[in-house]
Amino acid sequence: MHHLGLTRSSLKPDHLLQTPNTFVRTPLPGATRAEFVIHAGPRLGARFTQMTAEFAANGTLGPTPAQRFLYVLEGELELTAGGKKHVLAPGGFAYLPQGAPHTVRAREKSRVAVIEKLYQPEVGAAQPEILVGDEAAKTAVPLMGDEALRVRSLMPEGSAYDFAVNTMTYDPGAALSMVEIHIMEHGLLMLEGAGIYRLNDSWYPVQAGDFIWMAPYCPQWFGALGKLPAKYLIYKDWRRHPLAVAEGNHGSASLEG
Ligand code: UGY
Ligand code: MN
């Protein structure tokens, strides 16, 4: 069925709203029995890559040149890393430092959010370590004291880590207390519920399944609508000096350059 060319999706210089009716799947080298929706990457202007991997049973991921973060949306993954085997169910997540050997296999039909970023080393910082966890086990912290808006940080603290991935849960009617404008860019996947996202000078109705990319300094605000909580998974670059930009990253020179 066609919709006479209509979609909620919208691409602007500093943001993308990508709704499922505009998703197109691609294969990736080294992956088997898997297709990918590439939501964000250098061609969009992003300094990271975010995709949804859709696996058939026994599907596998290929290699990456970057750090990799996995968050299971549906199904079950088997991850081997650091000499250990882990099983990840929905809400399970893993962080693999750049260059860490690992394998990923879907035990059944599965969907997984995959975020990758070239590592930006920091002089004097410890080496990042493999991490496997479960979102449900993470403490929910009220954002700026608002109990109706709770943040769970999935990545560890410490200057070894150059990005953050959080989930944010809004009770119906909860909203960000301010319009944010900041240097970090975001990749955002709506996991549950619905609301209104302000991106620069546009206000969009959004719902579970939608993806949003926000460029650095894109004005942003969200308010949850409906009778159920709204929840999203959100990536941001984090803990690096604004003049230090990783080698090989999009459109930018390194400090050493
Ligand atoms: O971490 C953040 O910058 C987050 N509060 N942004 C957002 O939800 N758009
Ligand atoms: Mn933000």
Side-chain angles (χ1 to χ4, degrees), residues 8-19 39-40 44-50 67 69 71 73 91 93 95 113 115-117 120 131 133 135 138-159 161-226 228-242 245:
R8 286 183 297 111
S9 285
S10 175
L11 175 61
K12 299 271 172 73
D14 64 356
H15 63 268
L16 167 69
L17 168 62
Q18 192 186 29
T19 63
H39 300 295
L44 181 63
R47 291 189 176 147
F48 67 104
T49 295
Q50 183 160 349
Q67 308 172 87
F69 183 91
Y71 178 92
L73 302 165
F93 63 88
Y95 165 74
I115 296 168
E116 298 180 344
K117 179 185 184 295
Q120 202 173 325
L131 172 88
E135 188 207 341
K138 292 279 171 183
T139 317
V141 179
L143 184 68
M144 296 164 93
D146 184 354
E147 300 280 346
L149 202 183
R150 297 170 298 279
V151 181
R152 288 185 171 88
S153 303
L154 307 186
M155 287 289 289
E157 291 296 319
S159 54
Y161 303 94
D162 67 354
F163 68 89
V165 181
N166 303 330
T167 60
M168 296 181 61
T169 305
Y170 296 70
D171 287 343
L176 283 175
S177 63
M178 57 186 279
V179 177
E180 296 179 4
I181 302 182
H182 54 60
I183 189 170
M184 302 84 76
E185 64 177 329
H186 282 312
L188 183 161
L189 187 64
M190 288 292 298
L191 299 175
E192 293 170 20
I196 297 291
Y197 231 105
R198 176 186 174 168
L199 300 168
N200 203 339
D201 287 338
S202 303
W203 279 255
Y204 300 98
V206 298
Q207 64 184 18
D210 294 347
F211 172 82
I212 295 171
W213 169 69
M214 295 170 232
Y217 296 104
C218 176
Q220 56 198 260
W221 175 88
F222 179 71
L225 287 177
L228 297 172
K231 177 177 168 185
Y232 52 74
L233 182 77
I234 184 164
Y235 157 94
K236 62 182 164 192
D237 50 303
W238 199 225
R239 292 195 200 89
R240 289 297 180 264
H241 192 282
V245 174

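This is a predicted model, so every value here is computed, not measured. In listed order, ligands and their atoms are each counted from 1.
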Can you tell which part of I234 has a heavy atom less than 4.0 Å from ligand 1: side chain, backbone, both or neither? side chain
Taking 2.8 Å as the distance threshold, tell me the number of protein N/O/S atoms next to the Mn ion (ligand 2). 4
Residue part near ligand 1, for Y232, under 4.0 Å between non-hydrogen atoms: side chain
Contact between Y197 and ligand 1, counting heavy atoms under 4.0 Å? yes
Validation row, ring centre F163 to ring centre Y235 under 6.0 Å: yes
Quick one about K231 and T167 (side-chain donor to acceptor, distance below 3.5 Å, no hydrogens or angles considered), yes or no? no
K236 meets the salt bridge (Lys or Arg N to Asp or Glu O under 4.0 Å) criterion, sequence neighbours left out, with none
Which residues share a ring pair (Phe, Tyr, Trp, His ring centres under 6.0 Å) with F211, sequence neighbours left out: H39
Between I212 and the options V206, I234, L16, L189, the side-chain contact (heavy atoms from CB on, under 4.5 Å) test singles out V206
What I want to check is whether the side chains of W213 and E185 have a donor and an acceptor closer together than 3.5 Å. yes
Looking only at side chains, do S10 and Y204 share a donor and an acceptor under 3.5 Å apart? yes
Who are the side chain to side chain contact (heavy atoms under 4.5 Å, CB included) partners of L131, not counting sequence neighbours? F93, Y95, P156
Does CH2 belonging to W203 count more than 12 external heavy atoms closer than 6.0 Å? yes
Atom indices of ligand 1, in the order listed, that fall short of 4.0 Å to a heavy atom of M168: 4 (C), 5 (N), 8 (O)
For atom 1 (O) of ligand 1, which protein heavy atom lies nearest, and how many Å away is it? K236 NZ, 2.7 Å
Starting from atom 6 (N) of ligand 1, what is the nearest protein heavy atom, named by residue and atom, and what distance separates them? E180 OE1, 2.9 Å
For ligand 1, which atoms, with element, lie under 4.0 Å from some heavy atom of H182? 3 (O)
